[in-house]
Engineer: 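Would you mind keeping the following structure in view while I ask a few things?
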Amino acid sequence: MTQHTATRRTLLAAGAGLLATPALAQSVPFSVGTEKPKLQAPPNATDCHFHIYNDKYPPAPGGLPAPNASPDDYHALQRRIGTTRGVVVQPSLYGTNNSPTLEGMAALGLNFRGVAVVNDKVEDAELQRLHAAGIRGTRFNLAQAGATTPEMMEPLARRIKPMGWHIQINAPASVIMVQRDLFQRIDATLVFDHLAHVPQPAGTGDPAFAFMKSLLEKGNVWMKLSGAYADTKSGPPAYADSSAVARAFAQIAPDKMVWGSDWPHPTEKPDNKPDDAILFDLLTTWVPDAGQRQRVLVDNPARLYDFPRS
């Protein structure tokens, strides 16, 4: 552990002690609560969406600022919720400088894969280097201006498909609908973050849900059961509106669902971080069948991210 990390943890602990309220108690940085989930994670359970931040790297234009979130911090989350595999997603903060993600993966260990950010000018040698390091997809964050644009998606799709990579998309529903022709014709695997940001309170009655349903039924589209807090109007602990969307997606294509924590929850303010045990336990209502939860947590991630099959 670095001196910087130790100092930051000391300050966090001191702050928690001063406030001294159970609601603010935490056992994991950037996560409220101390209890473990009621749901027991199966062997090789995989968290398919989290970020590593390291402020020794300069920010890129348009990236959401976030505090350091280290591999040691993430291992604390694993000990709490019981996952043993994970996928590090390159945050927009660093643009196409994938060094924070690659360093994080190396520090976390062999049970981790990654999703990078590259643009259409990336050289083949760089793609091969990233693949050898464990990268298995490239991310398009269309929620804000940044390193990638929709116009880059088709050229990149043609180059990464032979490598077994996918294109990961984070975008508000309004952008997804504007780009629906693009998503319908892409000849590659697409993975949508955070329940595709289906708007609330319309939820499953929104046109964006109907469109995502059609993509899931097409067969090359996957969904991340993550970010329950991103678009909710009803809020924790049940996130009833987001949960209705998640359950519906899981029923449509259970073999194309994966789960992610979205730790350290960069879109949420420091005093409004969610309880990761509650987020994990949502799977018991989103995917009530134990066999299907095994697919979501273990089997589906092994296929999508090229983990050893259990």
Engineer: Would you say the side chains of Asn97 and Ser99 form a donor-acceptor pair under 3.5 Å?
Structural biologist: yes

Engineer: Exactly one of Asn141, Thr101, Thr138 should register a side chain to side chain donor-acceptor pair (under 3.5 Å) with Gln90. Which one does?
Structural biologist: Thr101

Engineer: Give a yes or no answer on whether the side chain of Ser243 reaches the backbone of Ala238 with a donor-acceptor pair at less than 3.5 Å.
Structural biologist: yes

Engineer: Ignoring hydrogens, what is the shortest heavy-atom contact between Cys48 and Val258? Give both atom names and the distance.
Structural biologist: SG-CB, 3.7 Å

Engineer: For a quick check under 3.5 Å, do Ser261 and Asp276 share a side-chain donor-acceptor pair by atom type?
Structural biologist: no

Engineer: I'd like to know if Asp193 and Arg139 make a salt bridge, using a cut-off of under 4.0 Å between side-chain N and carboxylate O.
Structural biologist: yes

Engineer: His197 and Ala230: which non-hydrogen atoms are nearest, and at how many Å?
Structural biologist: CE1-CB, 3.9 Å

Engineer: Okay, side chain of Asn98, backbone of Thr96: is any donor-acceptor separation there less than 3.5 Å?
Structural biologist: yes

Engineer: Mark yes or no for whether Lys38, through its side chain, and Asp281, through its backbone, hold a donor-acceptor pair below 3.5 Å.
Structural biologist: no

Engineer: Using only atom types and a distance under 3.5 Å, with no angle test, would you say the side chain of Arg85 pairs donor to acceptor with the backbone of Pro301?
Structural biologist: no

Engineer: Going through the checks in order, is the side chain to side chain contact (heavy atoms under 4.5 Å, CB included) test met by Thr46 and Phe307?
Structural biologist: CA-CA 10 Å; Thr46 310; Phe307 284 108; 3.9 Å; yes

Engineer: Centre-to-centre under 6.0 Å for Phe211 and Phe183, is that the case here?
Structural biologist: no

Engineer: Please confirm whether the backbone N or O of Arg136 pairs with a side-chain atom of His166, one donor and one acceptor, at under 3.5 Å?
Structural biologist: yes

Engineer: So how far is it from Leu216 CG to Leu190 CG, rounded to the nearest 0.5 Å?
Structural biologist: 10.5 Å

Engineer: Could you check whether any side-chain N or O of Asn119 sits under 3.5 Å from a backbone N or O of Thr148, counting only pairs where one atom can act as donor and the other as acceptor?
Structural biologist: no

Engineer: Rounded at 0.5 Å granularity, tell me how far CG in Leu130 sits from CG in Leu102.
Structural biologist: 6.0 Å

Engineer: When the ring planes of His131 and Trp165 are compared, do they come out parallel, tilted or perpendicular, using 30° and 60° as the limits?
Structural biologist: parallel

Engineer: Got a second to check how far Met152's CE is from Ile167's CD1, nearest 0.5 Å?
Structural biologist: 12.0 Å

Engineer: At what distance, to the nearest 0.5 angstrom, does NZ of Lys256 lie from CZ of Arg303?
Structural biologist: 6.5 Å

Engineer: Under the criterion salt bridge (Lys or Arg N to Asp or Glu O under 4.0 Å), which of Lys161, Arg185, Arg159 is the partner of Glu154?
Structural biologist: Arg185

Engineer: Return yes if some donor-acceptor pair links the side-chain N/O of Ser242 with the main-chain N/O of Ala228 below 3.5 Å, else return no.
Structural biologist: yes

Engineer: For residues Asn272 and Tyr229, is any side-chain donor paired with an opposing acceptor at under 3.5 Å?
Structural biologist: no

Engineer: Which residue pairs pass the ring-ring contact (aromatic ring centres under 6.0 Å, His included) test when at least one of the two sits in residues 233-262, sequence neighbours left out?
Structural biologist: Phe209-Phe249, Trp259-Phe280

Engineer: Hey, is the main chain of Met257 close enough, under 3.5 Å, to the side chain of Asn300 for a donor-acceptor pair?
Structural biologist: yes

Engineer: So, Arg180 side chain and Met177 main chain: donor-acceptor pair closer than 3.5 Å or not?
Structural biologist: yes

Engineer: Can you list the residues that meet the salt bridge (charged side-chain N to carboxylate O under 4.0 Å, His left out) rule with Arg293, with sequence neighbours excluded?
Structural biologist: none

Engineer: For the pair Tyr53 and Tyr94, name the ring-plane relationship: parallel under 30°, tilted 30 to 60°, perpendicular over 60°.
Structural biologist: tilted

Engineer: Can you check whether Val89's main-chain N or O pairs, donor with acceptor, with His51's side chain at less than 3.5 Å?
Structural biologist: yes

Engineer: Evaluate salt bridge (Lys or Arg N to Asp or Glu O under 4.0 Å) for Lys213 paired with Glu217, printing each intermediate quantity in order.
Structural biologist: CA-CA 6 Å; Lys213 178 177 182 292; Glu217 290 171 341; 2.6 Å; yes

Engineer: So how far is it from Met163 CE to Ile160 CD1, rounded to the nearest 0.5 Å?
Structural biologist: 8.0 Å

Engineer: Between atom CH2 of Trp263 and atom CD1 of Ile52, what is the distance when rounded to the nearest 0.5 Å?
Structural biologist: 5.0 Å

Engineer: What residues form a salt bridge (charged side-chain N to carboxylate O under 4.0 Å, His left out) with Lys56, not counting sequence neighbours?
Structural biologist: Glu103

